[in-house]
Amino acid sequence: MNIRREDVKQLYSKEQIQEKIKEMGQQITQRYSGSKAPLHMVCVLKGSVHFFSDLLLSIEADVNYSFIQVASYKGTASSGRINVKSWIDEPIQDKNVIVVEDILDTGRTLKYILNYLSRYKPATLEVATLVDKYEKAHFGITPKYVGFETKDRFLLGYGLDFDQKFRNLPFIGYVDSGD
Ligand code: IMP
Ligand code: MG
């Protein structure tokens, strides 16, 4: 499949995305304000890069960052294989950990990440996702913080790619298949 930039239709505008992220940042600020455990946020590269950056700027509390990169996707269908390219570089035991994902599809990648992170015994371990494909079961994962709930279709932009392209579209869009 070949997708051209001009074929991508806007689903969530730059402004809608920023509004959602602001709300989520406020929720996170409030939720952990009374906790003694430090807040540690984990960016799941590459797709979460813009979301992570904007979300962290909207949190009014001290936060440490980690970046992990795992790959499981080829084209528009989940390949089922998971390849760890980089991992957290700080201890997370007894910390409030939030894993930040761009989009929750099958949840296979996240399930893998959460299983491993939980072994380090964080005080809490939650998920923030910008987009949740709510029709999918996600291997039993329930994200605590959700930006947009959407039906099952392939989305692009604001970090989301198709074969590494379109990540830098400032909005989230889809390709109109005519249905
Ligand atoms: P999952 O393991 O199936 O939940 O998805 C793994 C990764 O695939 C996500 O973190 C995204 O980076 C990517 N992905 C899932 N759905 C989409 C989509 O609609 N567009 C672009 N990337 C996606
Ligand atoms: Mg991806």
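Both backbone and side-chain heavy atoms feed into the values below; hydrogens, waters and symmetry mates do not. Sequence positions, counted from 1, serve as the residue numbers for this chain. Not measured: the values here are computed from a predicted model.
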Are the side chain of T106 and the backbone of H138 linked by a donor-acceptor contact shorter than 3.5 Å?
no
For E60, is the CD atom crowded, meaning more than 12 foreign heavy atoms sit under 6.0 Å from it?
no
Heavy-atom donor-acceptor pair, Q30 side chain to Q27 backbone, under 3.5 Å
no
If I take atom CG from residue D54 and atom CD1 from residue I59, how far apart are they, to the nearest 0.5 angstrom?
11.5 Å
Salt bridge between D161 and K46, side-chain N to carboxylate O under 4.0 Å?
no
Any heavy-atom pair between the side chains of S66 and H40 that's under 4.5 Å?
yes
According to the interplanar angle, ranging from 0 to 90°, do the rings of Y158 and H50 count as parallel (below 30°), tilted (30 to 60°) or perpendicular (above 60°)?
tilted
Tell me if a side-chain donor or acceptor on T29 pairs with a main-chain N or O of G25 at a distance below 3.5 Å.
yes
Are the charged groups of D94 and K121 less than 4.0 angstrom apart, N to O?
no
How are the rings of F162 and F154 set relative to one another: parallel (under 30°), tilted (30 to 60°) or perpendicular (over 60°)?
perpendicular
Less than 6.0 angstrom from the centroid, inside 45 degrees of the normal: does K20 satisfy that with respect to the ring of F148?
yes
Can you tell me how far CD1 of I172 sits from CZ of F166, rounded to the nearest 0.5 angstrom?
15.0 Å
Please check if the side chain of K95 supplies one atom and the backbone of A123 the other of a donor-acceptor pair under 3.5 Å.
no
Ignoring hydrogens and angles, tell me if any N or O in the side chain of S58 forms a donor-acceptor pair with the backbone of L55 under 3.5 Å.
yes
Closest non-hydrogen atoms of Y12 and E149, given as atom of the first, atom of the second and distance, are OH-O, 3.7 Å
Check: D152 side chain, E135 main-chain N or O, donor-acceptor pair, under 3.5 Å:
no
Please confirm whether the backbone N or O of D132 pairs with a side-chain atom of T129, one donor and one acceptor, at under 3.5 Å?
no
